2 protein chains.
Amino acid sequence: MARKQGSHAETTAPKVRDAALRLFARHGYAAVSMRQIAQEVGVQAGALYRYTPDKQHLLFDLMRSHMEALFEARQAYAQPSDPLARLDAFTTFHIRFHLQRVDAVFVSYMELRNLSPENFAEVARLRSRYEGELEAILRDGVAAGVFEIADCKITTLAIIAMLTGLTTWYREGGRLPLDEITALYVRMVRGAVGVV
Amino acid sequence: MARKQGSHAETTAPKVRDAALRLFARHGYAAVSMRQIAQEVGVQAGALYRYTPDKQHLLFDLMRSHMEALFEARQAYAQPSDPLARLDAFTTFHIRFHLQRVDAVFVSYMELRNLSPENFAEVARLRSRYEGELEAILRDGVAAGVFEIADCKITTLAIIAMLTGLTTWYREGGRLPLDEITALYVRMVRGAVGVV
DNA sequence: CAATAAACTGAACGCTTGTTCATTTGCAAA
DNA sequence: TTTGCAAATGAACAAGCGTTCAGTTTATTG
């Protein structure tokens with residue numbers, strides 16, 4: 001019989017992903033070598049190839065599972081029915097989720113150009129599906145007469161850019177607690193969609 | 001006497017900068033080699049070192065002159081006195097300037113981590129000076145009772161993130177003309193600062 | 001204990017990297 | 001036409017790159 005499957009592999013695999021994510025976020029995909037990742041894991045470079053077919057796929061896996069985690073977390077979130085409550089919930093969710101995974105957010109936004117065309121298309125598809133969720137909320141709000149929005153598509157992109165920008169400057173233990181910051185953003189998002 | 005200064009250098013120098021900017025934006029600083037830049041310019045790699053002490057400085061120069069161009073362009077812009085008009089003018093200016101230099105914006109936001117600490121500090125200083133201009137507008141508006149803002153610092157960052165995000169998706173000849181897009185953003189920014 | 005297979009090593013592969021520098025090119029002034 | 005120098009070449013440097021693979025280690029199974 002085979003050895004209990006992956007007694008070490010199950011330890012090493014996430015280590016590889018963690019190290020790669022942290023290093024890619026810090027220095028950029030192209031600037032990080034497989035040897036650096038290996039050193040962080042405590043292993044020789046060749047051993048990494050038991051966990052990824054190549055460097056490019058390692059990057060893609062990180063991005064894809066970031067998006068998958070995003071949808072999974074979102075599904076676990078309460079979905080109110082009235083548009084304004086849903087918008088607020090989206091804002092809160094987006095901020096909380098993204099702040100918990102700054103490295104993954106950074107890598108997912110910065111390293112798109114290092115993906116092969118097919119891998120890029122896959123990530124782009126997932127991202128626009130997520131954007132679609134916000135857009136649907138906006139459309140519902142407009143239909144219900146609660147939002148005043150001239151163009152839902154553009155408003156969606158503007159809101160997401162505004163919210164995600166938070167990840168570039170937020171530091172734990174900063175001037176304001178996260179709850180207050182979130183409340184500020186909820187209010188700004190409301191303002192941007194014309195809620196008075 | 002010396003030859004007319006830089007008869008060729010004056011041609012080559014901007015070519016080097018243009019090529020570097022385009023390639024850095026497209027593939028990332030670390031992924032671009034000096035030989036690639038040289039080929040784009042039509043020169044051997046060694047010749048680049050007449051125009052930059054090293055690769056890192058080439059990146060820094062691009063970022064610094066992007067920021068300098070930003071301040072120069074802003075100074076040439078009309079500065080109304082009432083806060084709301086100034087806010088609208090800032091929005092319009094920011095969009096127009098940044099859309100004309102997508103590559104420089106991209107590089108300036110993506111490649112900060114590839115700067116040496118001193119060079120990073122310099123770019124950060126210039127950036128926060130620019131943010132300060134918007135923040136001043138917001139504070140004036142609050143003082144004048146036209147804006148309803150809970151925290152001017154955070155609102156500043158949120159607005160700039162929202163506006164700059166435009167550069168990642170805008171394409172000339174897209175669904176909407178730039179004037180309409182700008183008008184949409186002017187309205188959203190107004191909403192975010194609580195103008196009714 | 002012996003057998004087995006997963007996990008990992010360590011060296012090697014061909015290639016590219018940023019940077020340097022002695023040398024050549026080519027134009028403009030004298 | 002000669003001279004002088006900026007501009008550019010092209011070869012070289014040591015170092016590092018992603019990836020492969022035969023071989024060694026190691027822990028668990030029968």
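Please read all numbers here as calculations on a predicted model, not as lab measurements. So you know, we letter chains A, B, ... as the sequences are listed, proteins then strands, and number each from 1. The figures that follow rest on heavy atoms only: side chains count, while hydrogens, waters and symmetry mates do not.
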Taking side chain to side chain contact (heavy atoms under 4.5 Å, CB included) as the test, write out the residues that go with B:Met34, two or more places apart. B:Ile37, B:Leu48, B:Tyr49, B:Thr52, B:Lys55

Examine D:dG16: is either OP1 or OP2 under 4.0 Å from a nitrogen or oxygen in the side chain of A:Ser33? Give yes or no. no

Using a 4.0 Å heavy-atom cut-off across all strands, classify B:Val32 as base, sugar-phosphate, or nothing. sugar-phosphate

For a quick test of your reading: what N or O donor-acceptor pairs under 3.5 Å do the side chains of residues 187-196 of chain B make, sequence neighbours left out?
| from | atom 1 | to | atom 2 | distance (Å) |
| --- | --- | --- | --- | --- |
| B:Arg187 | NH2 | A:Glu148 | O | 3.2 |
| B:Arg190 | NE | B:Asp88 | OD1 | 3.2 |
| B:Arg190 | NE | B:Asp88 | OD2 | 3.3 |
| B:Arg190 | NH2 | B:Asp88 | OD2 | 2.5 |

In whole angstroms, the gap separating P of C:dT17 from CD1 of B:Ile37 amounts to 11 Å

Please report whether the ring centroid of B:Phe97 lies less than 6.0 Å from that of B:Phe71. no

Atom-to-atom span, CG of A:Leu59 to P of D:dG18 - whole angstrom: 13 Å

Check whether any side-chain heavy atom of A:Arg50 lies under 4.5 Å from a side-chain heavy atom of A:Thr12, and answer yes or no. no

Specify the separation, in whole Å, of atom CD of B:Gln44 and atom C1' of C:dT23. 14 Å

Could you state the atom-to-atom distance from CG of A:Leu48 to P of C:dC8 in whole Å? 10 Å

Could you work out, with ring pair (Phe, Tyr, Trp, His ring centres under 6.0 Å) as the rule, every residue matching A:Tyr77, not counting sequence neighbours? A:Phe93

Euclidean distance, atom CD of residue A:Gln39 to atom C1' of C:dG10 [Å, nearest integer]: 15 Å

Short side-chain N/O contact from B:Thr12 to OP1 or OP2 of D:dA7, under 4.0 Å: no

Which whole-number value in Å describes the distance from B:Lys15 NZ to D:dA7 P? 14 Å

Check nucleotides 19-21 of chain D for protein N or O atoms closer than 3.5 Å to its own N or O atoms and list the pairs.
| from | atom 1 | to | atom 2 | distance (Å) |
| --- | --- | --- | --- | --- |
| D:dT19 | OP2 | A:Tyr49 | OH | 2.6 |
| D:dT19 | OP2 | A:Lys55 | N | 3.0 |
| D:dT19 | O5' | A:Tyr49 | OH | 3.3 |
| D:dT19 | O4 | A:Arg35 | NH2 | 3.3 |

Under 4.0 angstrom between B:Tyr51 side-chain N/O and D:dA7 OP1 or OP2: no

Round to the nearest Å and state the distance from B:Arg50 atom CZ to D:dA7 atom P. 5 Å

Select one nucleotide: of C:dT17, D:dC17, C:dA7, the one nearest the side-chain heavy atoms of A:Gln36. D:dC17

Atom pairs and distances, side-chain donor-acceptor, residues 99-113 of chain A, under 3.5 Å, sequence neighbours left out:
| from | atom 1 | to | atom 2 | distance (Å) |
| --- | --- | --- | --- | --- |
| A:Ser108 | OG | A:Ala104 | O | 2.8 |
| A:Glu111 | OE1 | A:Asn114 | ND2 | 2.7 |
| A:Glu111 | OE2 | A:Tyr29 | N | 3.0 |
| A:Glu111 | OE2 | B:Arg113 | NH2 | 3.0 |
| A:Arg113 | NH1 | B:Ala25 | O | 3.3 |
| A:Arg113 | NH2 | B:Glu111 | OE2 | 3.0 |

Qualifying residues under salt bridge (charged side-chain N to carboxylate O under 4.0 Å, His left out), relative to A:Arg86, sequence neighbours excluded: A:Asp140

